[in-house]
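Predicted model, so just to flag it, every value in this text is computed and none were measured.
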Amino acid sequence: MTIYGLGEVMLRYTPPDYSLLKNAHTFDVQVGGAELNTLISLSSFDHNTEMITVLPEHELAKIPLQKMAQTKIGTRNIKYREGRLGTYYLEESFGFRSSKVIYDRQHSTFAEFEATLFDIEQMQAGDYFVITGITLAVNSMLRNNIISLLTQIKARGAHIVFDINYRSNLWDKEVAKATVESILPLVDVLLFGKMDATHLLNLNSEIDSMETCARTIQDHYHIPMLASSNRDIAASTLQGVILQGDTFITGEIYPYQVLNRIGAGDAFMSGIIHGLIEQYPIEDTLDFATKCAVLQHTTKEDALSCQVDEVLNLAQYAGSLKR
């Protein structure tokens with residue numbers, strides 16, 4: 001069984017010590033990308049993973065390639081072309097100052113690639129295929145052919161995992177809505193946020209509960225499983241929810257402290273996939289995924305990289321010392 005992730009691989013540049021971007025002279029560099037982040041976590045949980053992407057033919061590509069080698073992610077589906085690597089710049093939040101992200105990913109090798117990305121024949125029944133709305137926003141050729149691609153993948157018996165992950169600064173809302181609506185009937189596991197239901201799909205109002213939102217999406221698109229991680233910024237807590245068939249479960253509330261907000265949703269998605277592969281009870285799958293998201297807030301990297309037992313043994317108190 002293999003988990004495939006299709007998406008853009010990027011470099012993140014962050015000024016040190018919560019500095020403002022306009023005052024930055026040096027940057028910390030991290031490797032990121034929603035699908036890659038998810039695969040890094042799953043690989044650390046001892047699952048076979050394969051990244052599908054396009055990288056430039058120059059030295060900067062070696063940074064993400066080294067990261068994939070370190071985390072044992074398969075790279076046989078990576079293509080190389082002349083061009084640039086997508087990047088983004090993060091100004092970290094501090095106190096009442098919000099974080100800020102500036103994307104510089106237009107015309108990257110991934111965004112511009114227009115040929116066949118990978119051979120679907122390699123996929124087998126029981127495999128997982130991970131893709132996010134960010135990927136569909138970035139590459140228009142892929143967006144225009146996504147129905148055909150997912151239909152073929154589903155015909156081979158693979159499970160399709162889709163995180164809506166809508167970013168208003170990446171694509172037009174009406175294009176995003178039409179694209180997402182077209183693929184939801186093919187999705188086996190959907191990761192979503194409340195804003196996706198209320199402001200993108202326009203199926204719910206803001207006063208609706210997460211359960212109502214999940215059931216409404218399920219009723220419209222007949223998706224077997226939906227999950228969401230809900231972050232209460234004011235209370236500094238995380239709580240996951242999951243809907244499988246008619247069963248809706250609200251998970252335990254976990255307090256968290258923020259070292260880094262990037263990648264928490266990707267960590268949550270990796271936890272859901274891990275629980276499904278290992279056939280955890282549904283409530284344990286949700287709990288594992290929520291713990292993954294909590295732990296990701298404690299790292300400086302874009303992806304959670306830890307062992308399964310580190311997630312299961314999440315400390316009950318901040319600053320606990322394990323000997």
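- Counted within 6.0 Å of NZ on Lys22, heavy atoms from surrounding residues, nucleotides or ligands total 12 or fewer; the atom is thus considered open.
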(request) Begin with the C-alpha distance, continue with both residues' side-chain angles, and end with the deciding distance and a verdict on side-chain hydrogen bond (donor to acceptor under 3.5 Å, both in side chains) for Arg76 and Gln122. (result) CA-CA 11 Å; Arg76 60 188 170 92; Gln122 67 190 283; 2.9 Å; yes
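- By the rule that hydrophobic residues join a cluster once side-chain heavy atoms approach within less than 4.5 Å of another member, Leu201 and Ile147 end up as members of one cluster.
- Electrostatic pairing of Asp188 and Lys154 counts as a salt bridge here, judged by a charged N lying under 4.0 Å from a carboxylate O.
- At least one donor-acceptor pair under 3.5 Å links the side chain of Ser228 to the backbone N or O of Phe192.
- A salt bridge is absent between Lys194 and Asp208; no separation between the charged side-chain nitrogens and carboxylate oxygens falls under 4.0 Å.
- A donor-acceptor pair under 3.5 Å links the side-chain atoms of Arg97 to the main chain of Glu92, judged by distance alone.
- A salt bridge links Arg12 with Asp302; the closest basic N to acidic carboxylate O contact falls under 4.0 Å.
- When each of Val241, Leu243, Leu191 is paired with Leu226, the side-chain contact (heavy atoms from CB on, under 4.5 Å) condition holds for Leu243 and for no other.
- Within a 6.0 Å sphere centred on CG of Asp17, other residues, nucleotides and ligands contribute 12 heavy atoms or fewer.
- Using a cutoff of 4.0 Å between basic side-chain nitrogens and carboxylate oxygens, Glu174 and Lys177 are not scored as salt-bridged.
- Aromatic ring pairs are classed by plane angle as parallel below 30°, tilted from 30° to 60° and perpendicular above 60°; the pair Tyr280 and His274 is perpendicular.
- With hydrogens and angles disregarded, a donor-acceptor distance shorter than 3.5 Å links the side chain of Gln218 to the backbone of Gly245.
- Judged by a 6.0 Å distance limit and a 45° cone about the ring axis, Lys300 is positioned over the six-membered ring of Tyr18.
- A donor-acceptor contact shorter than 3.5 Å is absent between the side chain of Asp127 and the backbone of Met123.
- Checked for salt-bridge contact, Arg215 and Asp219 miss the test: no charged N lies under 4.0 Å from a carboxylate O.
- Note on Leu295 and Ile262: separate hydrophobic clusters, where clusters join Ile, Leu, Val, Met, Phe, Trp and Tyr whose side-chain heavy atoms are under 4.5 Å apart, directly or indirectly.
- The distance from atom OH of Tyr88 to atom OG1 of Thr14, rounded to the nearest 0.5 Å, is 7.0 Å.
- Between the side chain of Thr71 and the backbone N or O of Lys67 there is at least one donor-acceptor pair closer than 3.5 Å.
- Between Tyr256 and His297, the ring-plane angle classifies as tilted under the 30° and 60° cut-offs.
- Proximity of the aromatic rings of Tyr89 and Tyr13 is defined here by a centroid distance below 6.0 angstrom, and this criterion is met.
- Put simply, CD1 on Ile3 and CD on Glu50 are 11.0 Å apart, with the number rounded to the nearest 0.5 Å.
- Panel note: side chain Arg143, backbone Val138; no donor-acceptor pair is recorded below 3.5 Å.
- The number of heavy atoms from other shown groups lying within 6.0 Å of CE (Met195) does not exceed 12.
- More than 12 heavy atoms of other shown residues, nucleotides or ligands fall within 6.0 angstrom of atom CD in Glu211.
- Arg167 contributes no side-chain N or O that, together with a main-chain N or O of Ile134, makes up a donor-acceptor pair within less than 3.5 Å.
- Ring orientation note: the planes of Phe45 and Phe288 are nearly perpendicular, at an angle over 60° on the 30°/60° scale.
- For NE2 of His58, the number of neighbouring non-hydrogen atoms (other residues, nucleotides, ligands) closer than 6.0 Å is greater than 12.
- Going from atom CD1 of Ile272 over to atom CG of Leu286 covers 5.5 Å, rounded to the nearest 0.5 Å.
- By the 6.0 Å contact criterion, NZ on Lys72 is open, its count of non-hydrogen atoms from other residues, nucleotides or ligands being 12 or less.
- Electrostatic pairing of Glu57 and Arg81 does not count as a salt bridge here, judged by no charged N lying under 4.0 Å from a carboxylate O.
- Not one N or O on the side chain of Ser236 forms a donor-acceptor pair closer than 3.5 Å with the backbone of Pro255.
- Hydrophobic clustering, with ILVMFWY side chains joined whenever heavy atoms are under 4.5 angstrom apart, keeps Phe248 apart from Leu238.
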(request) Let me see the working for Tyr254 and Asp287 under side-chain hydrogen bond (donor to acceptor under 3.5 Å, both in side chains), right down to the final yes or no. (result) CA-CA 10 Å; Tyr254 286 96; Asp287 191 61; 2.5 Å; yes
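- The environment of Tyr80 atom OH is dense: over 12 non-hydrogen atoms of other residues, nucleotides or ligands sit within 6.0 angstrom.
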(request) Determine, stepwise, if the pair Glu35 / Thr132 fulfils side-chain hydrogen bond (donor to acceptor under 3.5 Å, both in side chains). (result) CA-CA 7 Å; Glu35 292 84 359; Thr132 70; 2.8 Å; yes
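- Cluster membership check: Ile273 does not share its hydrophobic cluster with Val187, using side-chain heavy-atom separations under 4.5 Å among Ile, Leu, Val, Met, Phe, Trp and Tyr.
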(request) Verify side-chain hydrogen bond (donor to acceptor under 3.5 Å, both in side chains) between Ser148 and Gln152, making sure each step is shown before the conclusion. (result) CA-CA 6 Å; Ser148 174; Gln152 293 178 68; 3.1 Å; yes
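- A distance-only check finds a donor-acceptor pair linking the side chain of Ser108 to the backbone of Ala111 [under 3.5 Å].
- Counted within 6.0 Å of CG on Asp119, heavy atoms from surrounding residues, nucleotides or ligands total more than 12; the atom is thus considered enclosed.
- Using modelled atom types, one side-chain atom of Ser44 and one backbone atom of Ser41 make a donor-acceptor pair closer than 3.5 Å.
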